[in-house]
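Contents: one structure, followed by commentary.
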Number of protein chains: 2
Amino acid sequence: MNSNVAVSVPGGDVWLRRLSSVVSLSRAAQEAAAEIMSLGRPIPARDHIIRDGNRETSIKVLISGFACRYKFLPAGRRQITAFVLPGDLCDFGFVSSSPASQGVMALSPSIVGAVDVDRFASIVEEYPDLMAAVLRCAAIEQNATQELLLSLGGRNALQRVGHLLCELHFRMQSAGLLRDGQAFDLPVTQSELGEALGLSTVHVNRTVQTLRKLGLATWRDRVVSLPNPPGLAALSGFDPAYLKSEMA
Amino acid sequence: MNSNVAVSVPGGDVWLRRLSSVVSLSRAAQEAAAEIMSLGRPIPARDHIIRDGNRETSIKVLISGFACRYKFLPAGRRQITAFVLPGDLCDFGFVSSSPASQGVMALSPSIVGAVDVDRFASIVEEYPDLMAAVLRCAAIEQNATQELLLSLGGRNALQRVGHLLCELHFRMQSAGLLRDGQAFDLPVTQSELGEALGLSTVHVNRTVQTLRKLGLATWRDRVVSLPNPPGLAALSGFDPAYLKSEMA
DNA sequence: CGCTCGGTTGACTCGGGTCAAGGCCGGTGG
DNA sequence: CCACCGGCCTTGACCCGAGTCAACCGAGCG
């Protein structure tokens with residue numbers, strides 16, 4: 001199903017960049033981290049990266065592309081619980097040696113790097129800061145999930161979409177993936193946005209149009225640009241604090 | 001503000017029980033865990049246990065009572081992100097040495113045990129299983145948050161309330177806190193339930209009544225009983241798998 | 001060339017929010 | 001002992017944000 005070709009990683013530094021944004025790493029630790037994540041596997045859009053309930057033997061990092069974590073309701077509806085951007089870990093199950101509690105799927109053609117958990121464990125012995133970095137990433141993850149919970153619990157459609165766009169803008173910026181003019185790629189369907197935000201496709205569509213009319217966001221041909229970030233942040237109550245890690 | 005009286009802990013074993021339900025601990029590790037958590041501080045209802053943004057110097061465990069984690073929307077609405085039951089850790093910030101990203105408040109008069117993080121760190125050196133147990137608890141926490149996200153994203157009011165009651169029933173059972181006849185204490189107002197489920201107080205009220213009429217749940221005088229647990233689970237799509245840890 | 005997928009639009013419906021008022025305690029002070 | 005008051009629960013009337021259903025368009029593709 002998936003291609004098994006290993007490819008060298010052009011943008012492999014997103015992973016290092018991510019870790020460093022969260023904990024300051026020694027030169028040696030950086031090299032160790034970079035070395036273990038040097039190869040990636042291409043994944044076509046809509047393919048699973050991790051299957052729900054699977055006990056993964058490797059730690060997976062998105063190198064390029066776009067992915068999401070999700071769970072299914074018994075009714076059949078899919079709820080997206082998080083978007084995975086380049087540099088992000090796909091699943092944190094390994095931290096507690098638990099199987100994955102949710103699926104991870106590529107939303108656009110992606111490249112995924114992997115490290116064997118045992119190998120990682122032995123590297124971590126030598127560079128404990130790496131583990132600290134991973135735990136920080138997990139904490140930020142958790143914060144993001146809770147922020148989404150806030151959206152579903154207390155924000156209306158306009159604020160939800162606006163808030164998500166602000167978050168993605170911020171994270172893409174951190175990952176160094178903004179185009180010029182502050183725009184960024186959002187290779188996702190409106191229906192998928194709705195699955196994350198608890199909105200119907202139709203209503204996502206109308207909401208996006210309202211944002212455009214308000215001059216707060218444009219989303220065409222899979223590219224989002226935010227002409228007035230502070231305005232959008234104000235409308236949607238976005239405060240990036242929850243995405244930052246306090247360097248103690 | 002809070003009373004500073006330290007009290008001996010009658011039900012201090014909920015903590016041990018919780019850890020053991022998640023990882024099997026050696027006798028020595030059990031004793032170490034029990035010993036560090038031998039005293040608790042009483043907290044009146046509505047008092048803060050942890051303030052948002054605070055960098056906690058101790059690890060706090062709810063010994064008895066009932067508490068919640070929450071965040072505020074800019075608009076002023078409060079979103080409860082989790083309920084904390086006896087035996088549960090109040091906050092996991094210490095795992096990544098981050099400050100608390102959310103507040104924790106007692107919903108009924110409670111007793112909270114605490115261990116200094118440094119002390120805990122040194123105990124963990126000797127009994128790594130304890131850390132494993134804590135990480136498992138954190139993972140389950142995360143699962144619960146996501147399940148709440150599923151509720152807000154895709155379940156209607158009846159299912160949300162039903163699902164939450166199923167979850168609390170299950171967790172109270174695990175903690176050994178069921179009364180006879182499968183009933184359990186729920187010392188929470190309908191308004192607070194609404195703050196967790198993204199519903200107005202009024203609608204929570206009507207929903208609870210509907211559940212009673214359906215013969216699926218009764219909630220009177222702060223005591224919940226579920227005459228037909230499988231029926232309620234079916235209605236609300238409850239599957240306790242997400243609350244269990246797979247003993248590898 | 002026709003099919004499918006994603007985006008767009010309109011008409012209609014409804015679950016749940018809001019507002020407002022009343023009832024039932026338990027606590028407090030005169 | 002009683003009057004009062006503030007939480008919390010309850011109920012009714014009304015309204016609106018968002019879901020649903022259905023149709024259409026354009027683009028990519030086998």
Side-chain angles (χ1 to χ4, degrees), chain A residues 44-46 66 73 75-80 105 107-109 151-164 185-214 217-224 235-236, chain B residues 44-47 66 73 75-80 105-109 151-164 185-214 217-224 235-236:
Chain A
R46 306 290 153 95
F66 212 92
L73 268 317
R77 187 189 174 306
R78 181 174 71 163
Q79 174 70 46
I80 290 178
M105 168 178 283
L107 293 175
S108 75
S151 272
L152 298 202
R155 291 194 255 254
N156 62 25
L158 203 59
Q159 296 169 324
R160 287 185 209 182
V161 174
H163 192 275
L164 182 58
D185 282 12
L186 185 57
V188 158
T189 73
Q190 297 189 345
S191 158
E192 284 157 346
L193 251 209
E195 289 179 275
L197 298 176
L199 298 171
S200 68
T201 310
V202 174
H203 206 244
V204 168
N205 183 304
R206 298 201 230 259
T207 305
V208 168
Q209 289 178 55
T210 305
L211 283 174
R212 178 160 4 96
K213 280 172 205 141
L214 291 173
T218 334
W219 181 17
R220 225 187 282 280
D221 297 327
R222 304 282 148 110
V223 176
V224 170
L235 167 79
S236 56
Chain B
R46 307 291 151 94
D47 259 29
F66 211 92
L73 268 316
R77 188 190 175 303
R78 182 174 70 164
Q79 174 70 46
I80 291 177
M105 169 179 281
L107 294 175
S108 75
S151 272
L152 298 203
R155 291 195 255 254
N156 62 25
L158 203 59
Q159 295 169 324
R160 287 184 208 183
V161 175
H163 192 275
L164 182 58
D185 283 11
L186 186 56
V188 159
T189 73
Q190 297 188 346
S191 157
E192 285 157 346
L193 250 210
E195 289 179 274
L197 297 176
L199 298 172
S200 69
T201 310
V202 174
H203 206 244
V204 168
N205 184 305
R206 298 198 230 261
T207 306
V208 168
Q209 289 177 56
T210 306
L211 284 173
R212 179 163 359 100
K213 280 173 205 141
L214 292 172
T218 334
W219 182 17
R220 225 188 281 281
D221 298 328
R222 306 280 148 110
V223 176
V224 171
L235 167 77
S236 57

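As the structure is a prediction and not an experimental result, all values here were calculated from the model. Lettering follows sequence order; numbering is per chain, from 1.
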Which ones in residues 188-195 of chain A lie close to DNA chain C, meaning a heavy atom under 4.0 Å from one of its atoms?
A:T189, A:Q190
Starting at atom CG of A:L197, determine the distance to atom P of D:dG19, rounded to an integer number of angstrom.
10 Å
Report the distance from atom CZ of B:R212 to atom C1' of D:dT11, rounded to the nearest whole Å.
13 Å
Nearest whole angstrom, please: distance from the C1' of D:dT20 to the CG of A:L199.
14 Å
Heavy atoms of B:P44 and B:A106 approach each other most closely as O-CB, 3.7 Å
Ignoring hydrogens and angles, write down the donor-acceptor pairs under 3.5 Å from the side chains of residues 206-214 of chain B, residues two or more places apart or on other chains.
{"from": "B:T207", "atom 1": "OG1", "to": "B:H203", "atom 2": "O", "distance (Å)": "2.6"}
{"from": "B:Q209", "atom 1": "NE2", "to": "B:N205", "atom 2": "OD1", "distance (Å)": "2.2"}
{"from": "B:T210", "atom 1": "OG1", "to": "B:R206", "atom 2": "O", "distance (Å)": "2.9"}

With sugar-phosphate meaning primed atoms plus P, OP1 and OP2, does A:R46 contact a base, only sugar-phosphate, or nothing at under 4.0 Å between heavy atoms?
sugar-phosphate
When rounded to the nearest 0.5 angstrom, what distance separates CZ in A:F66 from CZ in A:R222?
11.0 Å
Have a look at B:Q190 and tell me which of B:V204, B:L199, B:V161 forms a side chain to side chain contact (heavy atoms under 4.5 Å, CB included) with it.
B:V204
Between A:V224 and A:W219, what is the shortest heavy-atom contact and its length?
CG2-CD1, 3.5 Å
Within the structure, does a side-chain N or O atom of B:Q209 lie under 4.0 Å from either OP1 or OP2 of D:dT11?
yes
Within this structure, what is the CG-OG1 distance for the pair A:L193 and A:T201, rounded to the nearest 0.5 Å?
9.5 Å
Using the salt bridge (Lys or Arg N to Asp or Glu O under 4.0 Å) criterion, which residues pair with A:R160? Sequence neighbours excluded.
none
Please tell me if B:N205 has a side-chain N or O lying less than 4.0 Å from either OP1 or OP2 of D:dT10.
yes
Which is true for B:R220 with a 4.0 Å heavy-atom rule: it touches a base, it touches only sugar-phosphate, or it touches nothing?
nothing
Kindly calculate the angle separating the two end axes of the helix from C:dC1-D:dG30 to C:dG30-D:dC1, each obtained from five base pairs, and round it to 10 degrees.
30°
Using a 4.0 Å heavy-atom cut-off, does A:R222 contact any base of the nucleic acid, only the sugar-phosphate backbone, or nothing at all?
sugar-phosphate
When rounded to whole Å, the CZ to P distance for the pair A:R160 and D:dG17 reads 13 Å
A:R78: partners by salt bridge (Lys or Arg N to Asp or Glu O under 4.0 Å), with sequence neighbours left out
A:E195
NE2 of B:H203 versus C1' of D:dC15: gap in Å, rounded?
14 Å
Sub-3.5 Å pairs of nitrogen or oxygen atoms, protein against nucleotides 12-14 of chain D:
{"from": "D:dG12", "atom 1": "N7", "to": "B:R206", "atom 2": "NH1", "distance (Å)": "3.2"}
{"from": "D:dG12", "atom 1": "O6", "to": "B:R206", "atom 2": "NH2", "distance (Å)": "3.3"}
{"from": "D:dA13", "atom 1": "N6", "to": "B:R206", "atom 2": "NH2", "distance (Å)": "3.0"}

After noting the C-alpha distance and the side-chain angles of B:H163 and B:L158, does the key distance pass the side-chain contact (heavy atoms from CB on, under 4.5 Å) rule?
CA-CA 8 Å; B:H163 192 275; B:L158 203 59; over 6 Å; no
Salt bridge (Lys or Arg N to Asp or Glu O under 4.0 Å) against B:R220, all qualifying residues, sequence neighbours excluded
none
Does B:R77 have any side chain to side chain contact (heavy atoms under 4.5 Å, CB included) partners at least two apart in sequence or in another chain, and if so, which?
B:L73, B:Q79
Footprint ends on DNA chain C, 5' to 3', for atoms under 4.0 angstrom from a heavy atom of chain A, come out as C:dG6 to C:dA11
